[in-house]
Amino acid sequence: MPSRARSKDSNKASRRAQRKARKADERKRPEYPRIDFKSILYCMKIYRKAVGPRRYFFWFYRVVSSVTPALTAVIAGYVVTCISDAVVSPTHDLTSFIVAVAILLSVQFITIVLYAIYRLLSISASQETYIYVSELVATKYIQIPLAMRETQEFADKFERVREFGLSIDYVSTSAITVASSVISLISIIVATLVVSPFITVAILIAAIPSSILSLRIAARERRNWREFTKDRRIASAIERKITNSDSALEIELNGLSKHLVLQMIKARRRSQEQDIADNKAFFLPRFGADILQDVVGYIVLIIVAIQIIYGRLAIGQFLTVRTLLSQLNNNISSFFESITAINTSLVNATDFMEFMETPAQHSGDIEVNHLPKIEFKHVSFMYPHSDHFAIEDVSFTLNPGDSLAIVGENGAGKTTLIKLLIGAYMPQEGMIYVDDHPISEIDRESYLGQIGALFQDYSRYDFATLGENVWFGNVEKPYSRKAIMEALDDAGLGNLAIDYKNGLNQLLSKDIDAKNATNISGGQWQRLGIARAFFRSPNILILDEPTSSVDAKSEYEIFRSIIKKQQGKSTVIISHRFSTVRRAEKIIVLDHGKIIEQGTHSELIAQDGVYKEMFELQAEGYA
């Protein structure tokens with residue numbers, strides 16, 4: 001028996017240790033319900049900077065509005081007592097009644113005035129907080145290295161960052177609400193203690209089950225919000241695609257509309273199904289907790305009524321207790337609901353703070369204010385989470401005034417090489433030199449000031465006018481109609497400013513202004529990107545498939561303009577069209593991230609290698 005008893009005790013101790021370990025592990029998880037004071041203070045700091053001195057009035061209003069309910073309940077009860085006393089009094093003296101009503105009305109009037117001011121200021125404060133946070137996030141985003149921004153992990157994190165950014169104002173105001181609820185609870189508890197300590201204790205105990213359930217539900221919501229980030233992002237991406245007029249024709253032609261809507265609905269349901277399931281699981285416990293609170297409340301009122309009947313309490317105390325009882329329940333619920341809301345909103349706070357602390361793109365101190373020489377020496381680059389190099393052991397030199405073409409099949413590493421050249425990526429092996437200085441020592445802003453580029457995935461600034469789309473090539477320059485028109489002419493778009501009634505002020509997307517805007521073709525958008533590059537007038541012009549959306553005649557005219565404008569300057573071209581490539585003074589052939597051939601067009605043809613094979617295959621297509 002002693003041995004068996006010791007075995008049972010040992011098993012119990014083991015189970016207790018396991019439960020303790022599980023609870024300790026749960027407390028370490030992000031979704032565990034807790035008040036994250038660090039995150040709250042972080043939100044309040046941002047809120048303070050965005051709102052300014054108005055926050056002092058918000059705090060003042062919250063303190064006043066917190067104390068007012070208990071004060072009103074006490075005064076209202078006293079008014080009822082005064083009425084009762086006046087009824088039984090032989091003289092029917094109304095002095096006390098009039099004074100009490102005057103105080104009650106004064107309190108109500110002050111509350112109404114303060115609320116009107118608060119409502120006015122809070123609307124503008126909310127808007128300014130949103131604008132301030134948007135500026136913070138956008139400014140930080142563009143400082144983060146491109147290689148990091150392109151990862152799946154960053155995309156998921158940034159989605160949560162944006163969601164949290166929208167909730168900073170809510171978290172801050174909810175934190176103020178929690179503080180005011182505490183003040184209100186204290187004032188109500190003090191008022192109920194004056195009537196009967198038993199009432200206060202009974203109500204507080206009855207509220208415990210509901211409070212615990214609220215925190216447990218918050219934990220589930222916190223977990224679900226993090227787990228279904230990808231589904232929310234997919235749903236939003238599909239919605240943007242469906243509502244984008246540029247995609248409308250292709251979607252309709254391929255009969256994708258219903259399919260995409262169904263996919264969007266499925267993604268949204270996946271992100272919400274677990275919340276619905278959790279709420280169903282907690283339905284009965286929450287219902288039982290609510291019933292318990294109501295039953296305790298009615299028992300308290302019955303006790304107060306009995307005390308009044310026996311003359312132990314004034315008749316007005318019934319109204320006071322009834323009002324305080326309702327306020328106490330509401331404040332306890334509001335208190336825990338606000339904490340739950342804050343915890344739910346703070347689920348992405350860590351991501352936001354980590355995002356804001358992400359190191360910016362490195363920049364050196366050596367400025368480049370002229371046409372530089374760029375040299376790659378045994379450069380290799382691998383994308384995050386990849387197991388092979390996208391660029392491997394690449395070496396070449398771009399001397400001032402050179403024209404360089406880069407050719408290769410899709411996925412050969414051409415665009416990656418360009419991103420390394422402009423410093424968007426940093427190599428893991430080898431070194432890139434700018435004027436014989438490592439690119440890491442070069443001042444990034446001055447270096448980029450020498451470069452202009454049109455990428456295959458060129459930007460469409462559909463929110464801007466025709467003139468602004470060109471001016472965005474270099475906003476440091478004055479907005480010059482003459483220079484903009486010259487760039488448009490060189491890109492073959494000079495007629496647009498003449499044909500449109502608004503000229504350079506013409507909007508180019510009916511998604512922005514259905515009445516006054518005009519949609520332009522994909523080829524025109526690409527030529528507009530070329531005009532933007534011409535307006536920038538860079539020392540190094542990078543063109544990644546610059547004429548993929550234009551016809552052969554337009555391509556010829558555009559490259560004639562490029563050759564003219566880039567005389568004495570450097571040009572880097574990526575193109576599958578050998579009519580374009582053959583004009584370059586130096587050609588690099590890439591295959592799986594490695595340079596397999598390089599030289600002039602004639603030299604590469606003479607080598608009878610991959611370049612010649614690609615050239616002849618394309619020539620056969622035109623035969």
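Throughout, numbering of the chain's residues begins at 1 and tracks the sequence.
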Approximate separation, where rounding is to 0.5 Å, of [X] [atom1] and [Y] [atom2]:
{"X": "Lys45", "Y": "Cys43", "atom1": "NZ", "atom2": "SG", "answer": "12.0 Å"}
{"X": "Ile442", "Y": "Glu367", "atom1": "CD1", "atom2": "CD", "answer": "10.0 Å"}
{"X": "Ser126", "Y": "Leu121", "atom1": "OG", "atom2": "CG", "answer": "12.5 Å"}
{"X": "Ile103", "Y": "Ile75", "atom1": "CD1", "atom2": "CD1", "answer": "6.0 Å"}
{"X": "Thr416", "Y": "Tyr383", "atom1": "OG1", "atom2": "OH", "answer": "2.5 Å"}
{"X": "Met148", "Y": "Phe154", "atom1": "CE", "atom2": "CZ", "answer": "7.5 Å"}

Any side-chain heavy-atom pair from [X] and [Y] closer than 4.5 angstrom?
{"X": "Thr129", "Y": "Val51", "value": "yes"}
{"X": "Leu114", "Y": "Ser65", "value": "no"}
{"X": "Leu292", "Y": "Pro209", "value": "yes"}
{"X": "Leu528", "Y": "Leu508", "value": "yes"}
{"X": "Val368", "Y": "Asp443", "value": "no"}
{"X": "Phe164", "Y": "Asp351", "value": "no"}

Has [X] got a side-chain atom pairing as donor or acceptor with [Y]'s backbone, closer than 3.5 angstrom?
{"X": "Glu441", "Y": "Ile366", "value": "no"}
{"X": "Arg536", "Y": "Ile451", "value": "yes"}
{"X": "Asn469", "Y": "Tyr461", "value": "yes"}
{"X": "Arg55", "Y": "Gly52", "value": "yes"}
{"X": "Ser181", "Y": "Thr177", "value": "yes"}
{"X": "Ser363", "Y": "Arg444", "value": "yes"}
{"X": "Gln450", "Y": "Pro372", "value": "no"}

Legend entry - Test side-chain contact (heavy atoms from CB on, under 4.5 Å) applied to Met356 and Met353, step by step: CA-CA 5 Å; Met356 294 304 298; Met353 289 187 284; 5.8 Å; no
Legend entry - Distance-minimising heavy-atom pair for Ile142 and Arg149: O-NH2, 3.8 Å
Inset, instruction - Considering non-hydrogen atoms only, spot the tightest contact between Met431 and Val379 and give its length. - result: O-CG2, 3.4 Å
Legend entry - Where at least one partner belongs to residues 132-147, residue pairs that pass side-chain hydrogen bond (donor to acceptor under 3.5 Å, both in side chains), sequence neighbours excluded: none
Legend entry - Validation row, ring centre Phe355 to ring centre Phe158 under 6.0 Å: yes
Inset, instruction - Establish, yes or no, whether a centroid distance under 6.0 Å links the rings of Phe535 and Phe472. - result: no
Legend entry - side-chain contact (heavy atoms from CB on, under 4.5 Å) assessment of Arg62 paired with Tyr118: CA-CA 9 Å; Arg62 289 292 190 172; Tyr118 170 79; 3.0 Å; yes
Inset, instruction - Kindly determine whether Ile168 and Tyr42 satisfy side-chain contact (heavy atoms from CB on, under 4.5 Å), including the steps that lead there. - result: CA-CA 9 Å; Ile168 285 180; Tyr42 186 84; 5.6 Å; no
Legend entry - Positive for side chain to side chain contact (heavy atoms under 4.5 Å, CB included) with Ile46, one of Val133, Val171, Asp169: Val133
Inset, instruction - Just do the side-chain contact (heavy atoms from CB on, under 4.5 Å) check on Leu71 and Val107 with the steps written out, would you? - result: CA-CA 9 Å; Leu71 181 62; Val107 170; 4.1 Å; yes
Legend entry - From CA spacing to verdict: side-chain hydrogen bond (donor to acceptor under 3.5 Å, both in side chains), Ser124, Arg54: CA-CA 10 Å; Ser124 61; Arg54 281 172 295 182; 2.9 Å; yes
Legend entry - Other residues, nucleotides, ligands: >12 heavy atoms within 6.0 Å of Phe60 CZ: no
